[in-house]
There are 2 protein chains.
Amino acid sequence: MTERKREILAASQNVLKEKGYAATSVRDIAKALSMEPASLYSHFKSKEDILKITCFDMADKLELGIAEVNDIYFNAEEKLRIAINLHVKVLTQNLNSAMIFIRDWRNLTGKSLDQFILKRNAYEAGFREIVQTGINEGIFNETDKKFAALTILSSVNWIVEWYKEDGSLSSEQIATKLSDFILSGLKKDTV
Amino acid sequence: MTERKREILAASQNVLKEKGYAATSVRDIAKALSMEPASLYSHFKSKEDILKITCFDMADKLELGIAEVNDIYFNAEEKLRIAINLHVKVLTQNLNSAMIFIRDWRNLTGKSLDQFILKRNAYEAGFREIVQTGINEGIFNETDKKFAALTILSSVNWIVEWYKEDGSLSSEQIATKLSDFILSGLKKDTV
DNA sequence: ATATTTGCCTAACGAACGTTAGTTTATAAG
DNA sequence: CTTATAAACTAACGTTCGTTAGGCAAATAT
């Protein structure tokens, strides 16, 4: 990916995050770049191409995080904290992409959509696995694994709706707070 | 609202929830109703009208719930449980509308959008108030109120993404599980 | 110096969009 | 039997959509 392509991609994402993929036209994107709509096609082969690259880039970044966690041995609580921390970091450091990734992936079509759903399911399974580890270790409450994983991801994903880069909380602080919140819901009372 | 209008509205929502508001055309909706696109305009004055009615209906239903909770006296834990229960119930019993309400409200324009945001903020403030009550009563941990309210709403709202009417969990069970999860994150350890 | 590539342009295509105007048909009321 | 109303229709409007074709100028490579 050339420098220029990356530049155009970033600008596109900045427009797409505002109104959403479907409500944003190629002409909107071109306008933000002060160029003609047709010129975008020197860099991307379609509008959906931009969405596809954005969604899969994010998916790859998140995947990398969870792989890292499962590679080295930690106990479940550490694993979950690290996974949440990485997830929050990826989202907050790529806020535009994250909003598109979370909100607009449904607009993918055909094979791209199928492949995306596979990746998404695999990632969720990774979280379920961590929860399962915690149950096995006897430190998490017996709980509906699928339910717990979904609830974790939902609270974590929602931050893209309210996180502001200039806000009072750093990505690190948010991750810690969220981890505390979630872990207190999972951990057995050890007093 | 006539019987027929309600019927068309429900069918419209069933189409809109699939692809989202912006990606769904008036012709898509008409097709699902086996009628001509123009015929829809005998009932609704615009496409956005359908979105507006959907979003504000949901907002009203939720508002009603939180008013109910604050009217009668409960302690904070009870209040939060009831509020979450009502919220989950409204979402799961109006699943199509709920998805549109949560995902597509940004496509509102002008005064409708402004008014919607006001309602939304007021509702969030209601949750913050409950959290504050809990802190005052000394049963919730001192915590970032805004953060807690947002996290609560995020985990609750996300259920529209995975809730299936024929699933193993009833709306009541989901509400209870979510409440347990959230309250264990808020409550002080009472040994 | 010449050839190639890159990045953008102008112009326009056909398709799909939301919406309007005017009309017909079915149902019910006077 | 006539009239009023509701709900659908046909036809088309102007606009916007994503995209393609083809060309031109500047930068880069040979």
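Each chain gets a letter, A, B and so on, in the order the sequences are listed, and its residues count up from 1.
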- Task: Indicate the atoms forming the closest heavy-atom contact of E18(B) with R103(B), along with that distance.
- Result: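 Result for this residue pair: O-NH1, 4.5 Å.
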Of all residues at least two apart in sequence or in a different chain, which pass the side chain to side chain donor-acceptor pair (under 3.5 Å) check with [X]?
{"X": "R4(B)", "value": "E7(B)"}
{"X": "S25(A)", "value": "D28(A)"}
{"X": "S46(A)", "value": "none"}
{"X": "E63(A)", "value": "K119(A)"}

Quickly work out the [X] [atom1] to [N] [atom2] distance and round it to whole Å.
{"X": "I29(B)", "N": "dA16(C)", "atom1": "CD1", "atom2": "C1'", "answer": "15 Å"}
{"X": "L40(A)", "N": "dT20(D)", "atom1": "CG", "atom2": "P", "answer": "13 Å"}
{"X": "K31(A)", "N": "dG18(D)", "atom1": "NZ", "atom2": "P", "answer": "14 Å"}
{"X": "R4(A)", "N": "dT28(D)", "atom1": "CZ", "atom2": "P", "answer": "14 Å"}
{"X": "E3(B)", "N": "dT5(D)", "atom1": "CD", "atom2": "P", "answer": "22 Å"}

- Flag the pair F181(B) / F181(A) as yes when their ring centroid distance falls below 6.0 Å, and as no otherwise.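 Centroid separation for F181(B) and F181(A): 6.0 Å or greater.
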Name the closest nucleotide to the [X] side chain, picking from [options].
{"X": "R27(B)", "options": "dC17(C), dA8(D), dC9(C)", "value": "dC17(C)"}
{"X": "E36(B)", "options": "dA12(C), dT10(C), dT10(D)", "value": "dT10(D)"}
{"X": "M35(B)", "options": "dG18(C), dA21(C), dA8(D)", "value": "dA8(D)"}

- Query: Partners of R128(A) by salt bridge (Lys or Arg N to Asp or Glu O under 4.0 Å), sequence neighbours excluded?
  - Reply: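 So R128(A) forms no salt bridge (Lys or Arg N to Asp or Glu O under 4.0 Å) with any residue.
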- Message: Which residues pass the salt bridge (Lys or Arg N to Asp or Glu O under 4.0 Å) test with E161(A), not counting sequence neighbours?
- Response: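 With neighbours one apart ignored, the set is R106(B).
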- Name all residues meeting the side chain to side chain contact (heavy atoms under 4.5 Å, CB included) criterion together with S39(A); count only those two or more places apart in sequence or in a different chain, and write none if there are none.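 Expected list: M35(A), E36(A).
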- Which pairs, with at least one residue in residues 147-156 of chain B and sequence neighbours excluded, count as a side-chain hydrogen bond (donor to acceptor under 3.5 Å, both in side chains)?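 Of all non-adjacent pairs touching residues 147-156 of chain B, none passes side-chain hydrogen bond (donor to acceptor under 3.5 Å, both in side chains).
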- When you measure from every atom of DNA chain C, which of residues 6-25 of chain B have a heavy atom less than 4.0 Å away?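 By residue number: T24(B), S25(B).
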- Message: Using a strict heavy-atom distance below 4.0 Å, which residues from residues 41-51 of chain B are in contact with DNA chain C?
- Response: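 Listed by number, they are Y41(B), S46(B), K47(B).
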- Query: At what angle, to 10 degrees, do the two end axes of the helix from dA1(C)-dT30(D) to dG30(C)-dC1(D) meet, given five pairs define each axis?
  - Reply: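 That helix gives 10° between its end axes.
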List the atom pairs, donor and acceptor, that lie under 3.5 Å between side-chain atoms in residues 82-91 of chain B and the rest of the protein, sequence neighbours left out.
{"from": "N85(B)", "atom 1": "ND2", "to": "E172(B)", "atom 2": "OE2", "distance (Å)": "3.0"}
{"from": "H87(B)", "atom 1": "ND1", "to": "Y123(B)", "atom 2": "OH", "distance (Å)": "2.6"}
{"from": "H87(B)", "atom 1": "NE2", "to": "N157(B)", "atom 2": "OD1", "distance (Å)": "2.9"}

